[in-house]
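Residue numbers start at 1 and run along the sequence shown. Computed from a prediction, not measured in an experiment: that's the story for all the values here.
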Amino acid sequence: MPSPSEECHLDRPHDSGKRKTILSYSVNDRDFVRRICIGKGPCRPRPNGDFPQTLEGTKLCRFKAIWYDKYDWFEYSEQNESAFCFYCYLFKDPISVPGGNVFELIKCCAQETTKLIIEDLNGDLFVILADESSDVSHKEELAICLHYVDKKGRVCERFLEIVHVKKTSSLTIFEGIKQLLDAHSLSMSNIRGQGYDGASNMGGELNGLRNLILRNNSCAYYVHYFAHQLPLTLMAVTKENKDCAKYFQNLGIVLYNIGYSCKHMEMVKDIQADNVLEALALERGLSRPGYTRWGSYFKLILSVMSLYDIIIKVLEVVSKDAKSVDDRAKAEIEIDHLESFEFVFMLHLMKVVYGYTNNLCDALQRKDQDIVNAIAITDLTKEHLNKLAKFNPNGFSDTDITTLEFELYIFVSDMIKDSRFHLVKNLGELSTMLVETKKHIVYW
């Protein structure tokens, strides 16, 4: 490696306004200059009084020394009487596109972090964890993590890199992982475990990624992502119920027509113009949940409940302004579904069920969770769910069940027309209002 030139050894001014740019040094000297600058740290003069004022537009502004403590990248030039970003000086590229300096900084940080992980691994045995997904541009990507024991005997789990793959076939993913390991001088023979979800291309027993790695290394034992089993079980059980399956199907139609339509999302933002935070929450919340994504169904249910009125308003606008008869009809059908007793009842029921299991989901994915506490929370969750299971039609006669449907229809119509019930927010208030209006006698 070439030694730094004599120019690098010359005394460089510490003031950021007097320093030469990094790119003005030769390619072989730049890293040396960066190390020297990092050793000195950012230029942070502290005058006896206040910093001088400068005119910014029509206002006089002044730098404050307290910002040094708040932002470690801030430095000040007495020469220019201006503040600068120390990190930008180290990695700045004046000919890059807007935002390029930030991206270059992030890239450098990622490279250094990865380098430290590989050094910490020190060529020892490791376990590979991988999961596939698609980014916002619908490009397939694979997140790779390493699980290993460091020099101090601590179990470490470190994110290594995201690999973009053209297809999600097991062979394509295998080649992507192999290339990544080769790029970091990691041998597949050192793999002692592999963990993926139960998808056929990942954990499949015949042609999955697990078998492709096992053919190269018989010691790479496969472990299923057991953490995924809870949300998968919840969805499997839920969809076995006809009413629950119908509920999620109707909800999926609403999500597609609102959450995936730019025009409809703009309408939502217009309606929520007075509350920007809720509009942004809706834009993030009305997305399709994932079967293995922790708490995604519970968050979706909460989003629908909190923004129920806005969703109805958007569909009402669509039903009036849509150009085609089909679009108007679809919007009206969706409104009927959302305003039906069955949908609202299932919405609240799913809130209760997923609310109980959400605590367990949060507990199981904590890195610092011990097995004793996890088992205790599991038992408590099962206890609450068993209590819910005791509420069944066995307490009603066949005649009661037959007439209940008609009585329920009358009851719902009555509640909608009676203005005294319009401000009722929960079952407790409903019960109180029924007694106050003596309607509990009619619907006993």
Side-chain angles (χ1 to χ4, degrees), residues 103-104 106-121 123-150 155-232 235 284 287-296 361 364-365 367:
F103 296 144
E104 184 66 23
I106 294 174
K107 182 179 178 181
C108 291
C109 291
Q111 290 174 347
E112 290 299 316
T113 303
T114 303
K115 182 180 177 182
L116 290 174
I117 293 173
I118 301 302
E119 290 177 355
D120 193 36
L121 180 58
D124 288 338
L125 307 177
F126 60 91
V127 173
I128 185 170
L129 307 175
D131 196 13
E132 54 169 322
S133 181
S134 57
D135 58 18
V136 292
S137 61
H138 303 291
K139 292 182 179 179
E140 296 295 336
E141 57 187 16
L142 188 71
I144 308 293
C145 294
L146 298 182
H147 201 80
Y148 62 93
V149 179
D150 67 6
V155 178
C156 302
E157 184 175 309
R158 299 287 183 261
F159 167 75
L160 185 61
E161 196 170 322
I162 289 180
V163 179
H164 290 276
V165 291
K166 295 181 179 180
K167 297 186 296 182
T168 57
S169 65
S170 56
L171 185 59
T172 304
I173 295 175
F174 173 77
E175 291 296 332
I177 292 177
K178 189 175 184 302
Q179 290 175 9
L180 175 64
L181 295 179
D182 290 341
H184 296 294
S185 300
L186 297 176
S187 173
M188 294 197 73
S189 62
N190 283 349
I191 299 177
R192 287 298 179 268
Q194 46 180 326
Y196 324 113
D197 57 24
S200 59
N201 63 332
M202 301 294 287
E205 295 184 5
L206 298 177
N207 299 314
L209 175 64
R210 59 180 285 189
N211 268 355
L212 293 177
I213 292 181
L214 281 171
R215 291 171 191 170
N216 288 267
N217 180 2
S218 60
C219 296
Y221 298 103
Y222 168 73
V223 178
H224 183 271
Y225 275 172
F226 287 104
H228 282 173
Q229 289 185 345
L230 178 58
L232 285 172
M235 282 311 303
R284 291 192 299 268
S287 58
R288 286 187 177 275
Y291 289 164
T292 58
R293 198 176 304 144
W294 288 96
S296 59
C361 289
L364 291 178
Q365 63 182 326
K367 290 185 177 180

Ile118 vs Leu160 side-chain heavy atoms within contact, under 4.5 Å: yes
For Asp150, side chain to side chain donor-acceptor pair (under 3.5 Å) partners two or more places apart: Arg154
Listed partners of Gln179 passing side chain to side chain contact (heavy atoms under 4.5 Å, CB included), at least two apart: none
Nearest-0.5 Å distance, SG of residue Cys108 to CD of residue Gln111: 5.5 Å
Side chain proximity check, Ile144 to Ile177, heavy atoms < 4.5 angstrom: yes
Distance-minimising heavy-atom pair for Ala130 and Leu142: CB-CD1, 4.2 Å
Residues in salt bridge (charged side-chain N to carboxylate O under 4.0 Å, His left out) contact with Asp182, at least two apart in sequence or another chain: Lys178
Those residues that, when tested against Asn216, pass side chain to side chain donor-acceptor pair (under 3.5 Å) (two or more places apart): none
Tyr148 and its side-chain contact (heavy atoms from CB on, under 4.5 Å) partner, picked from Leu121, Leu125, Ile128, Val155: Leu121
Euclidean distance, Phe126 CZ relative to Gln194 CD, rounded to 0.5 Å: 11.0 Å
Inter-residue atom distance Glu175.CD - Leu212.CG, 0.5 Å rounding: 9.0 Å
With Asp120 via salt bridge (charged side-chain N to carboxylate O under 4.0 Å, His left out) - residues at least two apart: none
Partner set under side chain to side chain donor-acceptor pair (under 3.5 Å) for Ser169, not counting sequence neighbours: Thr172
Side-chain polar contacts of residues 186-193 - donor-acceptor pairs under 3.5 angstrom, sequence neighbours left out - could you list them?
{"from": "Ser187", "atom 1": "OG", "to": "Ser189", "atom 2": "N", "distance (Å)": "3.2"}
{"from": "Ser187", "atom 1": "OG", "to": "Ser189", "atom 2": "OG", "distance (Å)": "2.6"}
{"from": "Asn190", "atom 1": "ND2", "to": "Gly123", "atom 2": "O", "distance (Å)": "3.2"}
{"from": "Arg192", "atom 1": "NH1", "to": "Ser189", "atom 2": "O", "distance (Å)": "2.8"}

Side-chain touch Leu146/Glu157, heavy atoms, less than 4.5 angstrom: no
Non-hydrogen atoms of Ala220 and Ile213 that approach each other most closely: CB-CG2, 3.8 Å
Tyr196 and Ile173, any side-chain heavy atoms less than 4.5 Å apart: no
Qualifying residues under side chain to side chain donor-acceptor pair (under 3.5 Å), relative to Glu161, sequence neighbours excluded: His184
For Thr113, all residues meeting side chain to side chain contact (heavy atoms under 4.5 Å, CB included), sequence neighbours excluded: Ile117
Partner set under side chain to side chain contact (heavy atoms under 4.5 Å, CB included) for Tyr221, not counting sequence neighbours: none
